[in-house]
There are 4 protein chains.
Amino acid sequence: MSPLNRQQQLDQIRDERREQIKQAALKMFARRGYTGTKTSMIAKEASISEGLIYRYFNSKEELFITLVQELMEEARSELENVGYLPGTPFEQIRTLTKHMLDEDNMHAFMLMERARTAEDVPEKVTQIFEGVSTNVLIEPIIPIFVKGQESGEFSPGEPRRMLSWYFTIINSLLTQDEIDEEYGLPDVDVLIRILTN
Amino acid sequence: MSPLNRQQQLDQIRDERREQIKQAALKMFARRGYTGTKTSMIAKEASISEGLIYRYFNSKEELFITLVQELMEEARSELENVGYLPGTPFEQIRTLTKHMLDEDNMHAFMLMERARTAEDVPEKVTQIFEGVSTNVLIEPIIPIFVKGQESGEFSPGEPRRMLSWYFTIINSLLTQDEIDEEYGLPDVDVLIRILTN
Amino acid sequence: MSPLNRQQQLDQIRDERREQIKQAALKMFARRGYTGTKTSMIAKEASISEGLIYRYFNSKEELFITLVQELMEEARSELENVGYLPGTPFEQIRTLTKHMLDEDNMHAFMLMERARTAEDVPEKVTQIFEGVSTNVLIEPIIPIFVKGQESGEFSPGEPRRMLSWYFTIINSLLTQDEIDEEYGLPDVDVLIRILTN
Amino acid sequence: MSPLNRQQQLDQIRDERREQIKQAALKMFARRGYTGTKTSMIAKEASISEGLIYRYFNSKEELFITLVQELMEEARSELENVGYLPGTPFEQIRTLTKHMLDEDNMHAFMLMERARTAEDVPEKVTQIFEGVSTNVLIEPIIPIFVKGQESGEFSPGEPRRMLSWYFTIINSLLTQDEIDEEYGLPDVDVLIRILTN
DNA sequence: TATGAATGAGTGTTCATTCAT
DNA sequence: GATGAATGAACACTCATTCAT
């Protein structure tokens with residue numbers, strides 16, 4: 001194996017480890033919040049030693065901030081792509097909603113939700129959310145919603161306000177975890193009534 | 001002052017102090033969660049010394065559990081009284097919703113919501129919520145909802161499921177704090193659309 | 001009642017209270033040691049409020065030191081009077097031994113013993129015992145013992161050493177409390193064998 | 001180094017560290033009692049950080065209880081082996097006595113003595129001593145003593161009572177530390193007079 | 001004088017972070 | 001790069017002492 005390949009291999013290990021830690025941290029932070037998550041839990045969840053985290057992240061705080069930033073970026077990108085989804089405006093927003101409530105994405109949205117509403121997070125995280133409020137994220141959805149209002153799919157009402165409220169609800173549902181064992185989370189079709197009258 | 005009055009006076013001080021600590025703790029736990037709240041913060045919020053907390057509660061854990069239990073009891077009692085509110089079923093549930101989202105009751109519902117969904121709380125709190133699920137609390141509202149369906153105020157659908165989802169949404173909104181400064185929490189009339197189609 | 005009597009009455013109350021506190025403290029310190037005794041325990045034992053102790057003693061430390069000093073003085077005085085007890089030297093030392101092991105004096109000797117051997121006591125108490133070693137206290141007993149050796153009641157051996165050892169044993173027995181419920185503390189006649197061969 | 005060796009090495013470090021903490025704790029508890037010993041003192045004595053104690057013991061209380069239990073077990077075992085010591089019954093008991101008063105074993109016996117007589121120890125320690133009273137420990141010594149009585153080495157008297165008193169005295173001497181600098185602890189031959197008349 | 005609520009320095013314990021291997 | 005033992009600052013809690021009544 002050439003030295004170059006050797007280096008590539010090491011880089012790959014590093015990338016995988018880093019991802020592994022972030023996944024474990026995501027799960028724990030989502031469930032237990034920032035203060036409630038011990039670095040030892042993250043290590044255990046990632047099946048690595050406690051010390052190793054610090055070869056990939058400078059601190060628990062940095063790990064948390066990194067997660068939040070990357071998740072925000074992902075979320076922003078997804079919202080920007082809603083317009084390219086197939087179907088009518090109603091179907092596009094319905095798909096987005098489904099996606100947000102999907103079990104696979106849950107932890108990500110849960111973490112962001114907790115990071116946004118709890119006050120025991122690093123100052124910098126608070127700043128991130130102050131800078132990028134829901135309103136900014138909503139921006140690319142507004143024209144879609146307006147088109148839906150024009151076609152009669154959505155009820156009338158100030159678009160930005162209606163969407164802000166709608167996503168506030170969707171977001172807040174994400175912290176629910178799996179509590180109500182009988183009925184689970186509300187059905188997408190029930191939720192979207194908020195926009196359809 | 002007679003000995004009796006002296007004792008009464010002391011009892012009153014104790015009651016007031018206890019209430020003062022509970023209010024401060026409620027506020028902090030609601031905002032920052034169980035682990036994220038330091039006892040020193042509670043003391044500062046209550047404007048007392050750190051040690052004094054322990055003349056009224058045996059531990060941070062006991063204080064938290066006490067709060068959750070008492071708030072649960074209050075919530076249960078309020079839900080049981082909805083049937084005696086004035087107006088039609090629709091108006092009764094609208095009033096209840098308004099009440100839950102009211103700023104004065106917010107902290108209480110926020111705390112319960114966080115206590116229910118976060119996993120960094122004392123074991124006993126988890127047990128309380130396992131014992132008294134949302135479904136039990138919903139019980140007294142079901143007949144009201146059914147009456148509303150019969151009169152056409154509410155849309156058809158399995159009552160218990162519809163209400164479970166509805167209150168899941170209301171509850172989850174409570175952790176929002178006052179984040180979206182532009183529009184605040186969704187309007188009651190938008191929320192109740194979930195039940196009215 | 002004249003002002004003078006009034007004052008005398010108050011003085012008497014003060015004296016009684018002080019004595020009451022010292023008795024309670026003696027009991028607790030003897031049983032639980034200096035660090036192991038909380039001022040609240042002393043107050044409870046004396047059936048007074050926690051604050052009152054501080055109107056009679058400046059601190060827990062001062063209370064402890066006062067006790068030790070007074071008990072030392074008493075002990076010294078008793079040892080000096082052994083020569084005036086009735087009977088032969090053997091009988092005099094036997095009476096002294098009995099007295100030291102007597103239930104009524106136990107707490108006093110226990111406290112002194114613990115104060116002397118434990119290292120968690122105030123510096124000043126250590127100094128008191130360094131200044132007044134057992135050897136000094138033993139002084140007035142030596143001529144009595146020598147007389148007993150001459151009359152054949154006691155076995156030969158360096159008097160000061162024999163007595164030092166003897167009282168070391170008696171003292172150390174005092175910390176025993178009432179542990180061995182079956183046989184209690186050793187009989188005086190068994191103990192005195194140490195001196196009689 | 002093979003993985004197996006690596007693990008063995010770690011195990012050895014853990015064992016050594018644990019022993020080191022127990023030795024330091026033994027020394028401090030023996031001298032200053034349970035309440036009088038601060039965990040910081042144990043750490044300092046063991047030349048480790050305060051936090052490290054808690055990787056080896058769950059609490060100060062557990063550390064104390066562990067010590068007492070292990071020392072009790074050792075003591076029991078030693079007493080059971082007295083019959084196998086060389087020499088006559090007198091010589092066997094003389095050897096045991098010497099052993100108990102030996103400087104190296106002193107701390108162990110001192111700690112047990114204080115643990116048994118002071119009332120500021122954890123409930124569980126009190127229970128241990130209630131369960132295993134001195135009388136039980138004495139059991140294996142009784143036949144030895146009886147043999148000595150028969151051969152005339154020991155004076156007559158109810159064996160169990162004589163031994164109970166004898167060991168009460170030996171035990172109580174152990175709390176003496178090294179106070180009487182001039183003569184030290186009583187000579188074994190003086191002590192054993194208690195049994196020989 | 002007497003009470004007990006209140007304080008805060010100090011103690012036991014936890015946990016993010018470092019470091020020897 | 002990986003481990004887990006070790007550290008120490010921070011936190012929960014205790015208790016001697018003070019103070020308003």
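Throughout, a chain's letter reflects where its sequence line sits, starting with A, and its residues are numbered from 1.
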Any side-chain donor near an acceptor of the partner, A:Gln12 and A:Glu16, under 3.5 Å: yes

Examine [N]: is either OP1 or OP2 under 4.0 Å from a nitrogen or oxygen in the side chain of [X]? Give yes or no.
X	N	result
B:Thr39	F:dA12	yes
B:Arg17	E:dA6	yes
D:Arg14	F:dA5	yes

Integer-rounded Å distance: [N] [atom2] and [X] [atom1]:
X	N	atom1	atom2	answer
B:Ile42	E:dA6	CD1	C1'	18 Å
B:Asp11	E:dT3	CG	C1'	14 Å
A:Ile65	E:dA16	CD1	P	15 Å
B:Ile21	F:dC13	CD1	C1'	14 Å
B:Arg32	F:dC11	CZ	P	10 Å
C:Met28	F:dA16	CE	P	12 Å
D:Ile48	F:dG8	CD1	C1'	13 Å
D:Met41	E:dT11	CE	C1'	11 Å

Closest approach to the side chain of D:Ile13, judged atom by atom: which nucleotide of F:dA2, F:dT7, F:dA6 is it? F:dA6

Return the nearest nucleotide to the side chain of C:Lys38; candidates are F:dA16, E:dA5, F:dA5. F:dA16

For a quick check of understanding: with a heavy-atom distance under 4.0 Å over all strands, which category does A:Thr37 fall into, base, sugar-phosphate or nothing? sugar-phosphate

A:Ser47 near the nucleic acid: base, sugar-phosphate alone, or nothing, with a heavy-atom cut-off under 4.0 Å? nothing

Does the pair C:Glu50 and C:Lys44 meet the rule for a salt bridge (charged side-chain N to carboxylate O under 4.0 Å, His left out), with working shown? CA-CA 8 Å; C:Glu50 297 188 30; C:Lys44 200 176 177 188; over 6 Å; no

Heavy-atom nearest nucleotide on DNA chain F taken for A:Ser49 and for B:Ser40; more 5' hit belongs to A:Ser49

For DNA chain E, find the residues of residues 50-62 of chain B with a heavy-atom distance under 4.0 Å and give them by number; none if there aren't any. B:Gly51, B:Leu52, B:Arg55, B:Tyr56

When you measure from the centre of the six-membered ring of B:Tyr56, is the NZ or CZ of B:Arg14 closer than 6.0 Å and no more than 45° off the axis? yes

Would B:Arg114 count as a cation-pi partner of B:Tyr34, with NZ or CZ less than 6.0 Å from the six-membered ring centre and within 45° of the ring normal? no

Within the side chain of B:Lys60, is there an N or O that forms a donor-acceptor pair under 3.5 Å with the backbone of B:Thr37? yes

Just name whichever nucleotide pairs with F:dT17, Watson-Crick or G-U, keeping both distances under 3.5 Å, else none. E:dA6

Could you tell me whether the side chain of C:His107 reaches within less than 4.5 Å of the side chain of C:Arg31, counting heavy atoms only? yes

Would you call the rings of A:Phe64 and A:Phe29 parallel, tilted or perpendicular, taking 30° and 60° as the class edges? perpendicular

